[in-house]
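Atoms within each ligand, like the ligands themselves, are counted from 1 in listed order.
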Amino acid sequence: MDKLLVSGPSKLAGKVSISRAKNAYLPILAAVILSDKPIHLVNIPDLQDIKTMIKLLTMLGVDVSVNGNVTTFNAKNLKSHEATYDLVKTMRASIFVLGPLLARLNKAKVSLPGGCAIGTRPIDIHLENLEKMGARIELEAGYVEAHVDQFKPVHITLSFPSVGATENLMMAAVFTKGETIIENAALEPEIDDLANFLNAMGAKVSGIGTSKLHVHGVDSLKEVTYEAIGDRIEASTYLMAAIATNSEIEITDVNPEHLDFVIDTLKKMGAKIETADKTIKVFKHEKLKGCNIDTAPFPGFPTDAQAQLLALCCVIDAGSIVTENIFENRFMHVPELVRLGADIKLKGNTAFISGGRPLKSAPVMCTDLRASAALIIAALAATGETEIQRIYHLDRGYEKLEQKLIGLGANVRRVKGN
Ligand code: EPZ
């Protein structure tokens with residue numbers, strides 16, 4: 001298995017361009033199934049999870065062709081309605097094809113996604129609301145077997161503003177005659193991006209950016225060219241890497257409003273940050289203060305930036321408290337950060353960080369995507385060469401990570417595994 005060698009303490013400098021968002025393109029790719037017209041997607045990031053979703057679309061019968069930075073999809077001749085266990089077990093987001101398959105083919109057979117490192121992650125909210133919309137759902141041999149004669153225009157209220165459930169249900173309702181209302185919908189920017197993509201294809205989604213989405217059914221969709229938003233979590237990662245190493249960098253090609261809460265939090269801690277249309281500049285700071293943060297659904301502090309923040313808190317000469325409220329097992333990075341010399345106490349879903357102890361290099365291991373990003377940040381601030389193992393976790397969600405870090409002047413090297 002590949003590993004990364006990171007030398008520190010580093011100073012970063014220069015510009016880094018943010019890739020298109022993984023968590024925007026995954027549901028957008030699933031939505032391709034809805035249409036029998038060509039769909040041209042621009043600057044799809046080169047990530048393992050994206051490759052898995054495209055492989056799933058190909059298995060379902062979607063034609064895929066690449067021309068430079070534009071990938072064209074055509075789901076005119078779908079030949080299957082099944083997402084197999086072999087694929088779904090490698091990427092939970094495969095569940096996003098459930099709604100589109102039902103809307104397009106009135107049937108779907110999708111492997112139940114098992115648990116993952118950060119939590120059990122059930123899909124009950126997806127299934128109970130698809131049933132309210134008229135689907136018949138059976139769980140059989142580890143698969144969701146779903147059929148629908150015709151979706152009904154219903155008013156549903158989610159028991160929790162789940163990102164995935166909001167996306168699946170919005171896609172499922174695209175052709176439903178009448179108005180489907182999704183209340184307590186998630187508000188993440190990736191939801192808005194999916195809704196804007198659907199509307200660009202000719203769907204009728206309104207209430208975008210609010211917790212009450214309205215979907216008016218349409219009969220057909222049209223050819224479209226679309227580019228997703230910048231990755232706010234990738235941007236948050238580079239932002240915290242710069243602050244942890246007290247560096248000055250410029251982050252480009254991302255909408256700073258999508259990480260408002262993150263930037264506000266960092267400013268309150270004493271970081272010097274300026275934003276403009278699609279850029280975020282970070283400058284050297286004097287002394288940083290600790291924080292007391294709870295993760296929450298958007299517009300709160302994103303759970304996907306929690307690990308990175310925790311790593312930053314380790315290098316601040318102050319105490320911090322970080323509480324994880326979204327996933328029940330999202331502190332796998334803590335014992336690895338302790339290996340680098342950090343002082344962190346865990347109590348339930350809260351981490352108490354006594355920062356300021358100098359970090360020193362040691363071999364560490366990635367356990368999930370964002371935990372891995374935390375190890376990168378800590379390794380850039382630590383003294384010595386840190387060996388980061390199992391970096392396949394990183395390749396799932398960070399495009400050209402080492403090239404971008406080297407571009408910022410970091411001393412990073414990938415060592416190919418056998
Ligand atoms: C999306 O996952 C993201 N993944 C996650 O990013 C992100 O952490 C999460 O939203 C929260 O922001 C993608 O977009 C591909 P949820 P999703 O449904 O849709 C519970 C990353 O690092 N829940 O909002 O799975 C669930 O267990 C990944 O890029 C139910 O109980 O998140 C969790 O505790 C990790 N029943 C909470 O809700 C359900 O039916 C939030 O889950 C659905 C969810």
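Considering both main-chain and side-chain atoms, P122 comes within under 3.5 Å of ligand 1 through a nitrogen or oxygen pair. At under 3.5 Å, not a single nitrogen or oxygen of E167, backbone or side chain, sits near a nitrogen or oxygen of ligand 1. Checking only distances, V163 does come within under 3.5 Å of ligand 1, N or O to N or O. Looking at I125 next to ligand 1, an N or O pair under 3.5 Å apart turns up. For ligand 1, one of its N or O atoms has an N or O atom of R121 under 3.5 Å away. Taking any N or O of L26, backbone or side chain, none lies under 3.5 Å from an N or O belonging to ligand 1.
The closest side-chain donor-acceptor pair between H40 and E223 falls under 3.5 angstrom. Using modelled atom types and a 3.5 Å distance limit, the side chains of E328 and T120 yield a donor-acceptor pair.
In this structure, K109 is positioned above the aromatic face of Y143, its NZ or CZ under 6.0 Å from the six-membered ring centre and within 45° of the axis.
Atom 33 (C) of ligand 1 is approached by the protein to below 4.0 angstrom, counting heavy atoms only.
Under 4.0 angstrom from ligand 1, the non-hydrogen atoms of T303 all belong to its side chain. Residue F160 touches ligand 1 through its side chain alone, judged by heavy-atom distances below 4.0 Å.
Closest to atom 19 (O) of ligand 1, if we only count protein heavy atoms, is G164 N, 2.8 Å. Residue, atom and distance of the protein heavy atom nearest to atom 6 (O) of ligand 1 are D304 OD2, 2.9 Å. Of the protein's non-hydrogen atoms, the one nearest atom 36 (N) of ligand 1 is D124 OD1, 2.6 Å.
At least one heavy atom of K22 sits less than 4.0 Å from an atom of ligand 1.
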